[in-house]
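For reference, the structure is listed below as structure tokens.
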2 protein chains.
Amino acid sequence: MTRDLTPDEKRHSEALYAPVAAALRELIDVTIRSDVDDADVRRAQALIEEAAGLLGSRLDPGPPSSRSGPDGRPLTWGNVAFGVRNAIAFPLQIERAENGRVTTDLNLGAPYEGPAGHLHGGISALILDHVLSATAHRPEAPAFTGTLTLRYVAPTPLGRVRAEAWTDREERGKTFAVGHLLDAAGPVTVRAEGVFIRPRPPQ
Amino acid sequence: MTRDLTPDEKRHSEALYAPVAAALRELIDVTIRSDVDDADVRRAQALIEEAAGLLGSRLDPGPPSSRSGPDGRPLTWGNVAFGVRNAIAFPLQIERAENGRVTTDLNLGAPYEGPAGHLHGGISALILDHVLSATAHRPEAPAFTGTLTLRYVAPTPLGRVRAEAWTDREERGKTFAVGHLLDAAGPVTVRAEGVFIRPRPPQ
């Protein structure tokens with residue numbers, strides 16, 4: 001087990017890797033949409049393998065969460081929704097209004113496709129799981145999803161989407177949250193409700 | 001709009017891009033877990049940008065689904081769950097048993113993390129959406145998710161997982177499917193039920 005990172009080390013590493021993840025997001029997208037000659041595809045593959053060889057030459061054995069940040073909590077650099085080092089992550093950024101409402105705005109292209117030209121229903125589920133659960137999180141007590149129900153009322157075109165969520169009620173460590181996904185044109189495309197559980201701290 | 005691909009063109013392109021996507025999956029993983037010196041991170045970033053520049057120098061304007069394959073259907077190369085060109089895709093491969101049961105086996109590492117050391121609940125949802133919907137798909141009539149309900153009964157550790165689904169009943173173009181996610185040790189970690197709808201073909 002490595003020692004906890006200092007605040008400076010954490011900031012430095014995040015500033016170093018954020019542009020790498022951004023470049024990698026671009027690369028994922030163009031790999032899907034490219035129409036170049038075969039020779040250029042093979043040259044790109046060699047560059048990708050060279051980059052993986054460089055970064056892979058010294059690896060932490062587990063995900064970043066096996067190490068701790070300055071606050072003693074696991075590092076979330078690899079989180080698939082918002083991790084600063086994870087090119088799969090959109091990355092999702094939560095906005096919190098004073099009334100407790102939680103929002104995120106995303107622009108989702110070819111890499112998140114399901115039905116032709118539309119967002120995969122599972123990506124809508126990922127976004128809504130994350131945004132609904134954010135209504136339940138407390139800094140000292142992260143919340144886990146208990147149940148999640150999704151109603152797909154219309155297809156969500158690729159492009160700009162917004163997800164919104166709020167708390168319906170709270171009961172003894174459980175948050176009942178509701179929310180929805182909206183496409184750029186405004187109408188709701190997916191409705192969600194979920195129960196999120198905060199485990200009791202050890203006595 | 002480009003003409004449909006011939007079977008040979010489709011096979012050729014898939015064989016060309018599958019190893020690129022595989023190399024990119026490895027690169028996504030090591031970007032999350034790397035512990036190399038800053039200079040090597042910056043060299044890797046330059047290689048990633050060079051690869052993106054090459055592949056991005058001639059792009060289809062939309063996702064591959066804006067083009068058709070030999071069967072006249074949209075190309076699914078970019079699908080986020082199984083697309084051959086999509087490095088985010090696991091890729092998910094469906095096994096169908098004679099009794100109609102649908103299964104997939106996956107090995108999911110650092111890029112799919114939510115809670116420390118565990119699969120993100122939204123990735124479980126993506127997998128289950130896809131596997132449950134596969135019980136409803138017909139070659140001539142793809143199915144769309146109507147509702148999906150997920151019950152998270154235990155955390156799913158990163159590593160080997162299996163998802164299974166089967167049809168509970170069918171009613172006038174609707175398939176009621178159920179299924180679950182199992183971790184490597186066997187117990188069910190997530191239960192799912194969903195309603196999948198096949199739009200009527202135009203009369």
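All chains are named by letter (A, B, ...) in the order of the sequence lines, taking the proteins before the strands, and each is independently numbered beginning at 1.
- At most 12 heavy atoms of other shown residues, nucleotides or ligands fall within 6.0 angstrom of atom CD in A:Glu95.
- Put simply, CG on B:Leu150 and CG on A:Leu148 are 5.5 Å apart, with the number rounded to the nearest 0.5 Å.
- Among A:Glu193, A:Glu26, A:His130, the residue with the largest count of heavy-atom pairs under 4.5 Å with chain B is A:His130.
- Rounding to the nearest 0.5 angstrom, the gap separating the CG atom in A:Leu24 from the CG atom in B:Leu24 is 6.0 Å.
- In this structure, the separation between CD on A:Glu49 and CG on B:Leu47 is 12.0 Å, given to the nearest 0.5 Å.
- In terms of heavy-atom pairs under 4.5 angstrom with chain A, the leader among B:Val84, B:Thr76, B:Val36 is B:Val36.
- Using a 4.5 Å cut-off between heavy atoms, A:Asp35 contacts chain B through both its backbone and its side chain.
- Comparing B:Val195, B:Val41, B:Ile28, B:Ile127 by how many heavy-atom pairs each has under 4.5 Å with chain A, the most go to B:Val41.
- No part of A:Asp29 comes within reach of chain B, as not one of its non-hydrogen atoms sits under 4.5 angstrom from that chain.
- For B:Arg85 against A:Ile32, the heavy-atom pair with the smallest separation is NH1-O, 3.0 Å.
- Side chain of B:Arg33 to main chain of A:Leu59: no donor-acceptor pair is present (N/O by atom type, distance under 3.5 Å, no hydrogens or angles).
- Between A:Leu27 and B:Leu55, the closest heavy-atom pair is CD1-CD1, 3.9 Å.
- Side-chain contact between A:Gln45 and B:Pro19 is present, with at least one heavy-atom pair separated by less than 4.5 Å.
- A 4.5 Å side-chain heavy-atom check between A:His120 and B:Asn79 finds at least one atom pair inside the cut-off.
- Atom OG of A:Ser34 sits about 9.0 Å away from atom CG of B:Leu16, to the nearest 0.5 Å.
- Per-residue counts of heavy-atom pairs under 4.5 Å with chain B were compared for A:Ala23, A:Gly78, A:Pro111, A:Pro64; the largest is that of A:Pro111.
- Residue-environment remark: CD (B:Glu14) exceeds the threshold of 12 foreign heavy atoms within 6.0 Å.
- The contact between A:Phe144 and chain B is made entirely by side chain atoms (from C-beta outward), counting heavy-atom distances below 4.5 Å.
- At a 4.5 Å heavy-atom cutoff, the contact between B:Pro61 and chain A is made by backbone atoms alone.
- Within the 4.5 angstrom heavy-atom criterion, only side-chain atoms of A:Tyr17, from C-beta onward, approach chain B.
- The part of A:Leu158 that comes within reach of chain B is its side chain, from C-beta onward, which places non-hydrogen atoms under 4.5 angstrom from that chain.
- For the pair B:Ile88 and A:Tyr112, the minimum side-chain heavy-atom distance is below 4.5 Å.
- Neither the backbone nor the side chain of A:Arg191 comes within contact range of chain B, judged by heavy atoms closer than 4.5 Å.
- Within 6.0 Å of the CZ atom in A:Arg58, the count of heavy atoms belonging to other residues, nucleotides or ligands exceeds 12.
- In this structure, A:Asp37 CG and B:Ser57 OG are separated by 8.5 Å, a value rounded to the nearest 0.5 Å.
- Chosen from A:Gly62, A:Ala22, A:Ala125, the residue pairing most often with chain B at heavy-atom distances under 4.5 Å is A:Gly62.
- Residue contact with chain A, scored on non-hydrogen atoms closer than 4.5 Å, involves the side chain of B:Arg42 exclusively.
- Between A:Ala44 and B:Ala51, the closest heavy-atom pair is O-CB, 4.0 Å.
- Interface remark: A:Pro74 contributes side-chain atoms only to the contact with chain B (heavy atom separation under 4.5 Å).
- Crowding of A:Arg160 atom CZ: a count of heavy atoms from other residues, nucleotides or ligands under 6.0 Å not exceeding 12.
- A donor-acceptor pair is defined here as one N or O able to donate and one able to accept, closer than 3.5 Å; no such pair exists between the side chain of A:Asp40 and the backbone of B:Leu54.
- For the set A:Val153, A:Thr31, A:Leu75, A:Ile48, the count of heavy-atom pairs under 4.5 angstrom toward chain B peaks at A:Thr31.
- With chain A as the partner, the residue from B:Val190, B:Leu128, B:Thr149 showing the most heavy-atom pairs under 4.5 Å is B:Thr149.
- To the nearest 0.5 Å, atoms CZ (B:Arg43) and CD (A:Glu50) are separated by 7.0 Å.
- Of the listed residues (B:Ala87, B:Ser124, B:Pro155, B:Ala116), the one with the most heavy-atom contacts under 4.5 Å to chain A is B:Ala116.
- Comparing A:Asn86, A:Val20, A:Thr147 by heavy-atom pairs within less than 4.5 Å of chain B, the highest count is held by A:Asn86.
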